[in-house]
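A quick write-up on the structure given underneath.
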Amino acid sequence: MADDIKDITHAVDAASVMRLFASPPRMLALGEPTHGVDAPLRLRNALFRQLVEQEGYRTIAVESDCVAGLLVDDYVTSGAGALDDVLERGFSHGLGASAASRELVCWMRAFNDGRPASDQVRFAGFDGPLEMAWAASPRETLTALHRTLADQVDPGLLPCTAETLDRLLGPDDRWTDPAAMLDPSASFGRSAEAGELRLLADDLGALLHAWAPHLIAATSRDAFDRARLRARAASGLLRYHHWMADASPSRLARLTGLRDQMMADNLLALAERGPVLVHAHNSHLQRDISSMRMGGQRLEWWSAGAIVHTRLGEEYGFLATAFGTMRHQGVDVPPPDTLEGALYALPAGTCLVDSSASGAALTAAGPVRRTSPYFGYAPLDPAHLARIDGIVFMKDVPED
């Protein structure tokens, strides 16, 4: 099998990536099979830097809180804030502690220094304001959205006052109780107050769009886009909290799907302003249905990548990343009857594999899914190969 595909491995660089596509995709997504490992993130940084400098991509979006990410965007575009504080508060899921995240942010700031705003590379988080164990209160997004509208629109058009919002929102800990992730009865999401807030969020979002011409003229397109982001986040959070209170067997599957729906909405909004580079777990970016086991059940949901692909079509490109070994995390040499096993037999170390040109050879690998003791590590499914544009393969992932 190795002889069949050894000629279609390439260096992981911008030129090799672009040769996979008839034209540069408007959105180019790079996946990873797990989180918390710096080596693939450093590879991402090097590749994204080339794609920015050589191919004109001007937004980098990562799997992190979309609202918190505005702090990072302010830093890389204007130098606002202190780097350590931006890394701590501007990323979710602990990503700001990664040396590779610091490297990315520092490079973006250096690239932008002295450039006109129109030529700067922007940073974006595209995840919802969510963590593994809880979802944020909608307070920050709703109150900021209300304030934007109150500053620019006739107060009589607003569906409520700021005081009404504050009363309905109440203390933030009623929204962020970690017990609600596993216990629907601990969720505040189906209270009378939450129901009223969902209607108000919808009305505020509708008013924002109705007054878009005035708001853009009075402020800026960027300010309006930030208000749109907060409107999406507020509605998405309230929807997520509502379904956290659901006691049906479909609860977890619905929540995973809602999260990726929020991701997709944010990515599509970013694509409106120009070409985007995206980085996240493979399961959030693949074109096929995603699955995982949680709480003793198998969950299936359509990923953000699958949703975005329905809108962008061939303008959406997806590169998956696969590992051979990650020995410091218990991921040893892959069995030969797996997709990673076929790749591991190649003489190359880290390489880019043209999955379309090598499809027949790679799909000769059996349907066996590789397993790992490392939580969150998800090997590639050979059944998905036909809908992957390329594979970045890291033969041996070193310890950070």
Side-chain angles (χ1 to χ4, degrees), residues 1-2 9 12 30-47 62-64 91-103 127 131-133 181-182 252 256 279-286 288 290-301 303 319-353 355 362-385 388 390-400:
M1 188 180 305
T9 59
V12 183
L30 173 65
E32 62 177 357
T34 192
H35 295 316
V37 186
D38 259 15
L41 299 184
R42 290 193 295 271
L43 183 65
R44 170 206 66 187
N45 291 353
L47 177 60
V62 304
E63 185 185 340
S64 185
F91 288 86
S92 58
H93 306 97
L95 294 177
S98 161
S101 294
R102 177 181 290 267
E103 175 188 274
D127 203 349
E131 287 286 355
M132 288 297 295
M181 183 54 67
L182 297 177
L252 291 177
T256 54
H279 186 260
H281 197 284
N282 289 329
S283 63
H284 293 306
L285 300 176
Q286 64 190 29
D288 294 275
S290 296
S291 65
M292 67 181 296
R293 295 200 67 82
M294 181 183 292
Q297 59 178 304
R298 177 182 169 84
L299 311 180
E300 289 190 337
W301 73 98
S303 73
L319 307 176
T321 296
F323 296 162
T325 70
M326 190 167 55
R327 290 185 172 90
H328 61 287
Q329 297 291 359
V331 181
D332 294 318
V333 175
D337 59 350
T338 62
L339 193 152
E340 284 88 352
L343 293 170
Y344 198 80
L346 295 170
T350 295
C351 61
L352 175 67
V353 179
S355 53
L362 289 178
T363 52
V368 177
R369 290 292 303 275
R370 185 182 182 196
T371 60
S372 165
Y374 185 57
F375 176 76
Y377 176 73
L380 292 180
D381 188 336
H384 296 169
L385 189 63
I388 296 173
I391 301 171
V392 174
F393 182 63
M394 301 188 71
K395 191 166 190 174
D396 297 293
V397 179
E399 186 171 3
D400 296 331

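Below, all heavy atoms of this structure are taken into account, side chains as well, without hydrogens, waters or symmetry copies.
Taking the six-membered ring where tryptophan is involved, the planes of His35 and His281 are perpendicular, since the angle between them exceeds 60° and thus also 30°.
Ser290 approaches Ser283 most closely through the heavy-atom pair OG-O, 2.6 Å. Between Met132 and Met181, the shortest heavy-atom distance links the atoms O-CE, 3.6 Å. Closest of all the heavy-atom pairs between Ile388 and Gly390 is CG2-O, 3.0 Å. Across every non-hydrogen atom of Thr321 and Pro33, the tightest pair is O-CD, 3.4 Å. Nearest heavy atoms, Glu340 versus Phe323: CG-O, 3.2 Å. When all heavy atoms are compared, the tightest approach of Val397 to Val37 is CG1-CG1, 3.7 Å.
To the nearest 0.5 Å, atoms OG (Ser303) and NE2 (His284) are separated by 9.0 Å. Note that OG1 of Thr34 and CE of Met326 are 5.5 Å apart. Values are rounded to the nearest 0.5 Å. Expressed to the nearest 0.5 Å, how far CG of Asp127 lies from OG of Ser92 amounts to 5.5 Å. Rounding to the nearest 0.5 Å places CD of Glu32 at 7.5 Å from CZ of Arg44. Rounding to the nearest 0.5 angstrom, the gap separating the OG1 atom in Thr9 from the CG atom in Leu343 is 10.0 Å.
With sequence neighbours excluded, the residues satisfying side chain to side chain contact (heavy atoms under 4.5 Å, CB included) with Ser101 are Phe91, Leu95, Ser98. Partners of Arg293 under the side chain to side chain contact (heavy atoms under 4.5 Å, CB included) rule, at least two apart in sequence or in another chain, are Arg298.
Of the possible polar contacts, one joining the Glu131 side chain to the His93 backbone as a donor-acceptor pair under 3.5 Å is found. The backbone N or O of Arg327 lies less than 3.5 Å from no partner atom in the side chain of Asp332, so there is not a single donor-acceptor pair. Side chain of Lys395 to backbone of Leu346: a donor-acceptor contact under 3.5 angstrom is found.
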| Intermediate values then yes/no, side-chain contact (heavy atoms from CB on, under 4.5 Å), Leu252 and Gln297 | CA-CA 9 Å; Leu252 291 177; Gln297 59 178 304; 3.9 Å; yes
| Between Tyr344 and Val333, does a side-chain contact (heavy atoms from CB on, under 4.5 Å) hold up when you go through it step by step? | CA-CA 8 Å; Tyr344 198 80; Val333 175; 3.8 Å; yes
| query | Does the pair His279 and Leu41 meet the rule for a side-chain contact (heavy atoms from CB on, under 4.5 Å), with working shown? | reply | CA-CA 9 Å; His279 186 260; Leu41 299 184; 3.3 Å; yes
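For the residue pair Asp396 / Thr325, a side-chain donor-acceptor distance below 3.5 Å is found, with atom types taken as modelled.
Looking only at side-chain heavy atoms (C-beta outward), Tyr377 and Gln329 stay at 4.5 Å or farther from each other. Contact annotation: the side chain of Ile391 approaches that of Leu385 to within less than 4.5 Å [non-hydrogen atoms, C-beta and beyond].
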